[in-house]
Peer 1: 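I'd like to ask you about the structure that follows.
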Amino acid sequence: MGTDAPRTRRHRGLSFLIGLLVTVLVLGVAGAGLGWWTVQRSFPTTSGRIDVPGLTTSVTVYRDDAGIPQLVAETSRDLFFAQGYVHAQDRFWEMDFRRHVTAGRLAEMFGESQVGTDSFIRTLDWRGIAEQEYAQLDEESRAYYEAYAAGVNAYLGERSGADLSLEYAVLGLQNGAYSPEPWTPVDSIAWLKAMAWDLRSNLGDEIDRALLASALPAEEVARLHPDFPWGAMPTIVGGPLVAAPVASSVTPLDDAGEPGAENAAATDASTTSTIEADATAPEHLAALASLAQTIDGIPELLGPEGGDLGSNSWVVSGALTESGKPLLANDPHLGPAMPSIWTQMGLHCAVVNDACPFDVAGYSFSGLPGIVIGHNERIAWGFTNLGPDVADLYLERVDGDSYELDGTMVPLTIREEVIEVAGGDPVTITVRSTGRGPIVTGIGSDFGAVAESYPAASDAPEGDYQVSLQWTALTPGTTAQAIFALDRARDWEGFRHAASLFDVPSQNLVYADDTGMIGYQAPGKIPVRKSGDGTVPMPGWTSANGWSGMLPFDQLPSVQNPPAGYIVTANNAAAGPDGPLITKDWDYGYRAASIDKLIRERLDAGEKLTADDLLDIQLDTSDLNAQQFLPFIAELSASLDGDAARGAALLDGWNAKADADSAEAAYFAVFWRTLLGDMFGELPEQTRPQGGDRWFDVVGTLLGEPENDWWGDGGRDAAISGALDAAWAEASELMGDDDAAWRWGELHTLTLTNQSFGESGIGPIEWLFNRGPYELGGGSAIVNAIGWDASIGYGVDWVPSMRMVIDLDDLDESRWINLTGASGHAFNPHYDDQAPLWQRGETRPWPFTLDAVTEAAHDTLVLRPAG
């Protein structure tokens, strides 16, 4: 097993080769002494004055020594106009790239290699749903989106081509005809669909179970997808919810999955269809694997799907803090990207009143108005992924342009999409949809026919079997206006109102305010199923399957001021097992348990918590998986010899912390990957262990069953001994013969990869835009969740994309850090200046009040109305 490079599935479809000509031109330009001018020409103006058409009053943009902008405006309209202008200054290429992803228009930029990706996005119609959401916006929110778009376009009116970003100069060598279009509000809203797709929860698990069921008996599939360890791991709310809602409290859907018509009451969520097993027959193995591979290939702008795509957040009441006011911490775990997925920003009305109600700072997305995570002058909030099961696959019997439902052939909804292709002819695709959602088989050459060999129930005729997708994000929602409601909320009631609008993607929201209150709310569209539990594909030809409605907001998990005095969310179960079904695929709680333990240790020692304590907890590298293995290895040590004995001796006395400089952590990672390969290497390729929290639980349970067949012929002890032996040889090959010099960080590295050109395959191009590698500690299902995929190698796949701790006693004492930097311009001083701080676990001051912002200002730019 080698140290394979970490997977970057979200961008691997962009590995187009621009060719030798590009390399020659890039090197030639640099050699001519023009390279630095070409690079610098896109750097934005950050001081002085600029006359900007479209502004009605002046806006001041203060930037600190990290280039982080804080905007002060007289009106809400000018505030969001300026946000669009500044986002475009710093990140327009990123914005342009993202909108082409979400509209299914990458081929317009990069050519025919992107037609498959565009076909999939067009099939799901992210852009079309965003257009419907824009049409449904309230007047105030629509005005904010329009102001933001006007600000972006004001900046585009000043610059074009390489003056916008270096990437346009590189793209021009392949596609010289390309020029960016004006920005629109729908471009902003469509980004929310990409967020929803990347945080879609258990669709991968659904396919995984179906693939496993083709090779294993049902009890072993259940073993490899165990239930959440109720009672052994903490839940967020800390107890069971009320009973599941009855049909009368469910927003009804008709049989096609649309709101409106009455339906029969939902059956118990755990009920399994009598024909459900047919959906996972062995004949589907190759086809389902093809589907999984294709889904993996779609650009994932937040990160690859998996157990480590999550987050930590927790909030502590003032009764437990040194200051007497709450503290709130958050570090979302997403795929690493260059530039970072987040942009730090402050949005301040010069006078906060009903006409201009914003005084907020935190983390935003380029291309989207408002602040997504952060605080205003009264409240603070953080996000982690709730992870509800909001997407289901259905096997459909299709005959021509119709599909079967309850014994009747129903017409498919059909539309055509034309994909423009740079350097080639347009490609027309046909999108077919059932009432539940689009048919997702037959999209592009690599999809294959997922259900072509479906073995129908005994009374069913032979036919063409396809797969459709039902997903909450494929109906218009209200998240586009939720951000503004969150930014201007001033109390718990306003916060919960904002949460009620945040329907897709569903998030865990933690809360604190300046009165001392803390709280938690789960929002979102979460379906109620008529049958089954959402864990495997279901037959679609009967209305007995499908969704009967959505869980009402008031029955979603929520708590305020809990007796414990703190709330921890780390993608673990939101509440007990007796409430409504949210998902069967929670995170297994290892990070939540570690955070809970670290908080309790301080409190039990009589300490009051400080912001520094919360920052220290974010950096904890305790590996609970290693902790459960070490006693077994120690017990075996007397019977071991050779390399296995050397491995056991190295681990003896280890504190089970996965620090970057730890030889023990490096060796244990190799041992863990080796053991997983030995035990589960014969599973279907798409189901092999990533090595995170689910596999901690699976193998941890097997440790108590030493003769279980999964250990192999020799049982548990032989399997562990063999893995110790093989791991020593591999670790020596990877890091040398001197184990004292081994370091986890040598194997566990991060290269910050540009979202578009970072995997071009051309060294000079990648050198322009990528940064690293950085040696790191941490690991999967560890609080410092710098995750890796054991099915690939040891390289970093997921990271804390930012870290923040908000101090409600003095907001100017809050701390924050981004993964990369404020700028999206390669070689700008702020392109990667925060990365070394992030690597070392350091944070930066976070000024908020106007006095603190002006005192910290390194550059000041005044945007003035033109004329």
Side-chain angles (χ1 to χ4, degrees), residues 6-7 198-199 233-234 236 300 302-314 329-337 340-342 363 373 382-387 507-508 510 568-572 586-599 614-627 656-660 662 665 668-669 672 690-697 744-745 747-750 752 774-790 792 794-805 817-819 838-841 843:
R7 166 187 55 189
D198 285 353
L199 300 174
M233 290 293 187
I236 296 171
E300 292 172 310
L302 298 182
E305 183 184 44
D308 291 302
L309 186 61
S311 304
N312 301 324
S313 68
W314 66 98
N330 197 187
D331 55 297
H333 309 148
L334 303 171
S340 167
I341 193 76
W342 300 105
Y363 293 85
I373 294 176
F383 280 18
T384 67
N385 192 22
L386 175 62
Q507 300 290 289
N508 294 305
V510 292
V568 175
T569 87
N571 316 112
N572 52 313
W586 297 109
D587 178 280
Y588 287 83
Y590 289 86
R591 285 179 286 114
S594 292
I595 294 167
D596 186 87
K597 177 175 179 288
L598 291 166
I599 291 173
L614 271 61
L615 291 167
D616 287 344
I617 292 172
Q618 286 180 331
L619 301 176
D620 186 76
T621 61
S622 300
D623 184 345
L624 298 191
N625 187 43
Q627 289 180 23
K657 288 187 176 290
D659 296 326
S662 171
F668 183 81
W672 174 236
Q690 292 180 316
D693 64 305
R694 176 161 67 91
W695 294 99
F696 289 13
D697 192 83
W744 175 218
L747 303 180
H748 195 48
T749 62
L750 166 66
L752 293 167
Y774 299 90
E775 293 192 358
L776 296 167
S780 300
I782 288 172
V783 177
N784 193 9
I786 302 173
W788 55 289
D789 185 339
I792 302 296
Y794 305 103
V796 173
D797 247 5
W798 299 272
V799 297
S801 56
M802 61 80 159
R803 298 184 183 102
M804 73 174 194
V805 172
I817 196 70
N818 209 349
L819 175 62
W838 176 93
Q839 178 191 26
R840 297 192 297 267
T843 54

Peer 1: Who passes side chain to side chain donor-acceptor pair (under 3.5 Å) against Ser662, sequence neighbours left out?
Peer 2: Glu664
Peer 1: Quick one, Val568 and Pro234 - any side-chain contact, counting heavy atoms below 4.5 Å?
Peer 2: no
Peer 1: At what distance, to the nearest 0.5 angstrom, does CE of Met802 lie from CG of Asn818?
Peer 2: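 Reported value, rounded in 0.5 Å steps: 8.5 Å.
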Peer 1: So that I know where these two stand, are Trp788 and Trp672 an aromatic pair - ring centroids less than 6.0 Å apart?
Peer 2: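 Not under 6.0 Å, so no.
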Peer 1: Of the non-hydrogen atoms in Ala665 and Ala658, which two are nearest, and what is the gap between them?
Peer 2: CB-CA, 3.7 Å
Peer 1: Between Trp314 and Leu614, which heavy-atom pair has the shortest distance, and what is it?
Peer 2: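 So the two residues come closest at NE1-CG, 3.4 Å.
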Peer 1: Would you say Leu750 and Val799 make side-chain contact, with heavy atoms under 4.5 Å?
Peer 2: yes
Peer 1: Are the side chain of Trp798 and the backbone N or O of Ser780 linked by a donor-acceptor pair below 3.5 Å?
Peer 2: no
Peer 1: Measuring from atom CD1 of Ile817 to atom OG of Ser801, what distance do you get when rounded to the nearest 0.5 angstrom?
Peer 2: 12.5 Å
Peer 1: CG/Asn572 to CG/Leu386 distance, rounded to the nearest 0.5 angstrom?
Peer 2: 10.0 Å
Peer 1: Looking at Leu752 and Ala337, what are the two nearest heavy atoms and their distance?
Peer 2: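 Closest approach of Leu752 to Ala337, heavy atoms only: CD2-O, 4.1 Å.
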Peer 1: Which distance, rounded to the nearest 0.5 Å, do you find between the OG of Ser311 and the CG of Asn385?
Peer 2: 7.0 Å
Peer 1: With a 6.0 Å cut-off on the ring centroids, do Tyr590 and Phe696 count as close?
Peer 2: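 Centroid separation for Tyr590 and Phe696: below 6.0 Å.
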Peer 1: State the CD1-OH distance between Ile341 and Tyr363, to the nearest 0.5 angstrom.
Peer 2: 13.5 Å
Peer 1: Of Leu334, Asn330, Asp331, which meets side chain to side chain contact (heavy atoms under 4.5 Å, CB included) against Pro800?
Peer 2: Asp331
Peer 1: Quick one: do the Thr569 and Thr384 side chains pair a donor with an acceptor below 3.5 Å?
Peer 2: yes
Peer 1: Taking Asn312 for its side chain and Val783 for its backbone only, find out whether a donor-acceptor pair lies under 3.5 Å.
Peer 2: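 Judged by distance alone, yes, a pair lies under 3.5 Å.
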Peer 1: Determine whether a donor-acceptor pair (N or O, by modelled atom type, separation under 3.5 Å) exists between the side chain of Asn625 and the backbone of Asp623.
Peer 2: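 Not at all, since once roles are kept as given, no pair shorter than 3.5 Å links the two residues.
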Peer 1: Between Arg694 (side chain only) and Tyr588 (backbone N and O only), is there a donor and an acceptor less than 3.5 Å apart?
Peer 2: no
Peer 1: List the atom of Trp744, the atom of Ala669, and the distance in Å for their closest heavy-atom pair.
Peer 2: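 Reported closest heavy-atom pair: CZ3-CB, 3.4 Å.
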Peer 1: Can you name the nearest heavy-atom pair linking Gly777 to His748, along with the distance?
Peer 2: O-CD2, 3.2 Å
Peer 1: Would you say the side-chain atoms of Tyr774 pair up with the backbone N or O of Gly745, donor to acceptor, closer than 3.5 Å?
Peer 2: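 Not at all, since once roles are kept as given, no pair shorter than 3.5 Å links the two residues.
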Peer 1: Do Thr843 and Leu615 touch side chain to side chain, with heavy atoms closer than 4.5 Å?
Peer 2: yes
Peer 1: Which value, rounded to the nearest 0.5 Å, describes the distance between Trp838 atom CH2 and Arg803 atom CZ?
Peer 2: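 Answer rounded to 0.5 Å: 5.5 Å.
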Peer 1: Which atom names give the shortest non-hydrogen contact between Ala593 and Leu624, and what distance separates them?
Peer 2: CB-CD1, 4.5 Å
Peer 1: Among Lys597, Arg591, Lys657, which one satisfies side chain to side chain contact (heavy atoms under 4.5 Å, CB included) with Asp620?
Peer 2: Lys657
Peer 1: For the pair Gln618 (side chain) and Met804 (backbone), establish whether a donor and an acceptor sit closer than 3.5 Å, ignoring hydrogens and angles.
Peer 2: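 Confirmed, Gln618 side chain pairs with Met804 backbone.
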